[in-house]
Amino acid sequence: MQLIYWLLFAVLVIGDQSLKYYVSNNIATMSVHDLIPGVLSITHITNTGAAWSMLEGKMLFFYLVTIVAVIILGYLFVKSDKKDYLYRFSLIFLLAGTVGNAIDRFTRHFVVDMFNLDFINFPIFNLADTYITIGVILIIGSLIIQVAGEKNNK
């Protein structure tokens, strides 16, 4: 069962990096291509910060935070209960998102973003960002299930 997690991790990171490679090599920076008109478009941008370009250009900070995050997420995964599947999947999604963006930061010195939600004012994001979001949702779900289980065992 352990292999399934690392296989998922590899597929997620490869998917993220493949899409970023495609966008970087086939879509001009700042050009917009509608996927679902009025809902979702591809807008190729580069980002040296975080969401909404927070801490733009603070690469040393992002390098350090990334290294610490990967170590902590890896440790939590290794130490997690092997039967706590939802928690372990949440950590794999968080780790894959962190590593996907880390590859960009360490090799390109910026992150490639491309998904633009046209119906709201929201930062342009990438697959790694969606993995992190999914990981957070799964970890919240895992915690809710854990707390509910503890209440039922009292």
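Note that this is a predicted model, so its numbers are computed, not measured. FYI, side chains are in, hydrogens and waters are out, and symmetry mates aren't considered; it's all heavy atoms of this structure.
- A 4.5 Å side-chain heavy-atom check between Tyr131 and Leu94 finds every atom pair outside the cut-off.
- The one candidate from Tyr87, Phe89, Phe93 that meets the ring pair (Phe, Tyr, Trp, His ring centres under 6.0 Å) condition with Tyr5 is Phe89.
- Heavy-atom neighbours of Tyr63 OH from other residues, nucleotides or ligands within 6.0 Å: above the threshold of 12.
- Residue Phe9 is grouped with residue Ile72 when hydrophobic side chains (ILVMFWY) are merged at heavy-atom distances under 4.5 angstrom, including chains of intermediate members.
- A heavy-atom distance below 4.5 Å is not found between the side chains of Ile4 and Leu8.
- Between Val111 and Phe62 the shortest side-chain heavy-atom distance does not fall below 4.5 Å.
- When only modelled atom types and interatomic distance are considered, Arg108 and Thr46 share no side-chain donor-acceptor pair under 3.5 Å.
- By the rule that hydrophobic residues join a cluster once side-chain heavy atoms approach within less than 4.5 Å of another member, Trp6 and Leu73 end up as members of one cluster.
- What you find for Thr66 and Ala102 is that their closest heavy atoms are CG2-CB, 3.2 Å.
- Lys20 places a side-chain heavy atom less than 4.5 Å from the side chain of Asn126.
- How far CG of Asp129 is from CD1 of Ile124: 11.5 Å, rounded to the nearest 0.5 Å.
- Annotation: the span from Leu86 atom CG to Leu138 atom CG amounts to 5.5 Å, rounded to 0.5 Å.
- Across every non-hydrogen atom of Ile27 and His44, the tightest pair is O-ND1, 2.7 Å.
- Judged by distance alone, with hydrogens and angles left aside, the side-chain atoms of Thr130 form a donor-acceptor pair with the main-chain N or O of Leu127 at under 3.5 Å.
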Next on the checklist: Could you walk me through whether Val99 and Leu12 satisfy the side chain to side chain contact (heavy atoms under 4.5 Å, CB included) test, starting with their C-alpha distance in whole Å, then the side-chain angles of each, then the deciding distance to 0.1 Å, before giving a yes or no?
Outcome noted: CA-CA 10 Å; Val99 168; Leu12 293 173; over 6 Å; no

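- Using a 4.5 Å heavy-atom threshold, the side chains of Leu19 and Phe115 count as touching.
- In this structure, His33 and Met114 have side chains that are not in contact, with every pair of non-hydrogen atoms separated by 4.5 Å or more.
- Two residues are said to be in side-chain contact when any heavy atoms from C-beta on lie closer than 4.5 Å; Ile134 and Ile137 fail this criterion.
- Residue Tyr75 holds its OH atom at 12.5 Å from CG of Leu91, rounded to the nearest 0.5 Å.
- Counting non-hydrogen atoms of neighbouring residues, nucleotides and ligands closer than 6.0 angstrom, the CZ atom of Phe106 exceeds 12 such neighbours.
- Atom CG of Asp104 and atom OG1 of Thr48 lie 12.5 Å apart (nearest 0.5 Å).
- Once rounded to the nearest 0.5 Å, the distance linking CD1 of Ile36 with CG of Asp118 reads 9.5 Å.
- Both Ile139 and Val68 are assigned to one and the same hydrophobic cluster, defined by single-linkage of ILVMFWY side chains at heavy-atom distances under 4.5 Å.
- When hydrophobic clusters are built by joining Ile, Leu, Val, Met, Phe, Trp and Tyr residues whose side-chain heavy atoms come closer than 4.5 Å, directly or via intermediates, Val136 is grouped together with Leu76.
- Separating the CG atom in Leu143 from the OG atom in Ser90 is a distance of 8.0 Å, to the nearest 0.5 Å.
- Counting heavy atoms from C-beta on, the side chains of Phe125 and Leu117 come closer than 4.5 Å.
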